[in-house]
Amino acid sequence: MAHVLLIRHAENDYTQAGKLAGWKAGVSLNKSGREEAGLLAEKLALAPIEAVYSSPLARALQTARPIAAVRHLQVVRCARLGEVRYGDWQGKSLKSLRRRKLWRLIQQRPSAAKFPGGESIRSVQVRAVAAMEELVARHPNDCIAVVSHADVIKMILAFYLGMALDLYQRIVIRTASVSELGFFSGEVRLLRVNQTMTEPWEN
């Protein structure tokens, strides 16, 4: 059975300030985020991780590298696991975006929403799930770590739970949290969701 640990990157100044970083260059973990990433790597030392994949964005790679280093592994970048391309919304605060007409559509019927100058939410789910299917096929009997972003992880979980994309916003994914999917005999099981590393890791 393949086990996939879906890990959200640790804290950075954009998450702390409630802004959409998107694909903005140079968004790195802040002090709290580096501490979160270190603790996460320490706790996951007991998990039988055989490979580590990551979004190519700095904050994800900085979260993935300590996890890989414990096992003397290299982080493999995967662009399809990257953040949503928010287009004109990139860099803006959630507080200001809530006043826009598109905000309600994104919250209530995201399957029909597309960010101005960016991606549609449905296309993000399609690319992220395609990446997952490829990784599971590559590691049918392994435990792998996949470091990505909150919205992307929520869309992946929604797909494998059989939830309508319009409901994905109901899932909460915190920084440096772990959600786990098990793939076996053509079936998928949600084994944990949004688990932060305040307790010892249990396989």
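Transitive grouping of hydrophobic side chains (ILVMFWY, heavy atoms separated by less than 4.5 Å) brings L94 and L105 into a common cluster. Linking Ile, Leu, Val, Met, Phe, Trp and Tyr residues whenever their side-chain heavy atoms come within less than 4.5 Å places V136 and I156 in a single cluster. Under the 4.5 Å side-chain heavy-atom criterion for Ile, Leu, Val, Met, Phe, Trp and Tyr, M132 and V76 are members of the same hydrophobic cluster. Linking ILVMFWY side-chain heavy atoms closer than 4.5 Å, directly or via other members, places V27 and Y86 in two distinct hydrophobic clusters. The hydrophobic clustering, which links ILVMFWY residues whose side-chain heavy atoms are closer than 4.5 Å, places L167 and V188 together.
Salt bridge R189/E187: present, at least one basic N to carboxylate O contact under 4.0 Å. Under 4.0 Å is where a charged nitrogen must lie from a carboxylate oxygen, and between E119 and R127 at least one such pair does.
Heavy-atom minimum distance, A113 versus L102: CB-CD1, 4.4 Å. When all heavy atoms of A10 and T63 are compared, the pair lying nearest together is N-OG1, 3.0 Å. Minimum heavy-atom separation, L46 to R71: N-NH2, 4.3 Å. Residue A131 comes nearest to L81 through the heavy atom pair CB-CD2, 4.0 Å, listed as atom of the first residue, atom of the second, then distance. Here the closest non-hydrogen pair linking V178 and R192 is O-CG, 4.0 Å. Closest of all the heavy-atom pairs between Q169 and I106 is NE2-O, 3.6 Å.
Counting non-hydrogen atoms of neighbouring residues, nucleotides and ligands closer than 6.0 angstrom, the CZ atom of R109 reaches no more than 12 such neighbours. Enclosure of atom CZ in R138 by more than 12 non-hydrogen atoms of other residues, nucleotides or ligands within 6.0 angstrom is indicated. Other residues, nucleotides and ligands contribute only 12 or fewer heavy atoms inside 6.0 Å of the NZ atom of K24. In this structure, R98 places its CZ atom where more than 12 heavy-atom neighbours from other residues, nucleotides or ligands lie under 6.0 Å away.
Counting only heavy atoms from C-beta outward, the side chains of L157 and L6 approach each other to under 4.5 Å. Here the side chains of V4 and E180 are not in contact, with every heavy-atom distance at 4.5 Å or above. Using a 4.5 Å heavy-atom cutoff, the side chains of S55 and H149 are in contact. With contacts defined as side-chain heavy-atom distances shorter than 4.5 Å, the pair R122/L165 qualifies.
For Y168 and F159, the ring centers are positioned 6.0 Å apart or more. For F184 and H3, the ring centers are positioned 6.0 Å apart or more.
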Trace of the side-chain contact (heavy atoms from CB on, under 4.5 Å) decision for R8 with N194: CA-CA 9 Å; R8 184 185 177 189; N194 193 36; over 6 Å; no

side-chain contact (heavy atoms from CB on, under 4.5 Å) assessment of V124 paired with M155: CA-CA 8 Å; V124 177; M155 292 179 209; 3.7 Å; yes

Verdict with supporting geometry, C143 and L5, side-chain contact (heavy atoms from CB on, under 4.5 Å): CA-CA 7 Å; C143 176; L5 307 182; 4.0 Å; yes

Criterion side-chain contact (heavy atoms from CB on, under 4.5 Å) on V129 and E133, from CA distance to verdict: CA-CA 6 Å; V129 170; E133 293 291 302; 4.2 Å; yes

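A donor-acceptor pair shorter than 3.5 Å can be found between the side chains of D13 and N30. Looking only at atom types and distance, the side chain of Q62 has no donor-acceptor partner in the side chain of R59 under 3.5 Å away. At a cut-off of 3.5 Å, with distance as the only test, a side-chain donor of E36 or T175 sits close to an acceptor on the other residue. Donor-acceptor pairing under 3.5 Å is lacking for the side chains of Y53 and R80.
Counting only distance, with no hydrogens or angles, the side chain of W89 and the backbone of P116 share no donor-acceptor pair below 3.5 Å. The closest donor-acceptor contact from the side chain of K114 to the backbone of G118 lies under 3.5 Å. Remark: side-chain polar atoms of D166 are paired, donor with acceptor, to backbone N or O of S111 under 3.5 angstrom.
In this structure, CG on L135 lies 9.5 Å from CZ on F183, to the nearest 0.5 angstrom. Once rounded to the nearest 0.5 Å, the distance linking CZ of R104 with CD of Q107 reads 10.5 Å. Summarising the geometry, atom CD belonging to E11 is positioned 11.0 Å from atom CZ belonging to R34; distances are rounded to the nearest 0.5 Å. Between atom OG of residue S148 and atom CG of residue L57 there is a gap of 9.0 Å, rounded to the nearest 0.5 Å. Interatomic distance, CG of L73 versus CD1 of I49, reported as 8.5 Å (0.5 Å rounding). The CD1 atom of I173 sits 11.5 Å away from the CD1 atom of I7 when rounded to the nearest 0.5 Å.
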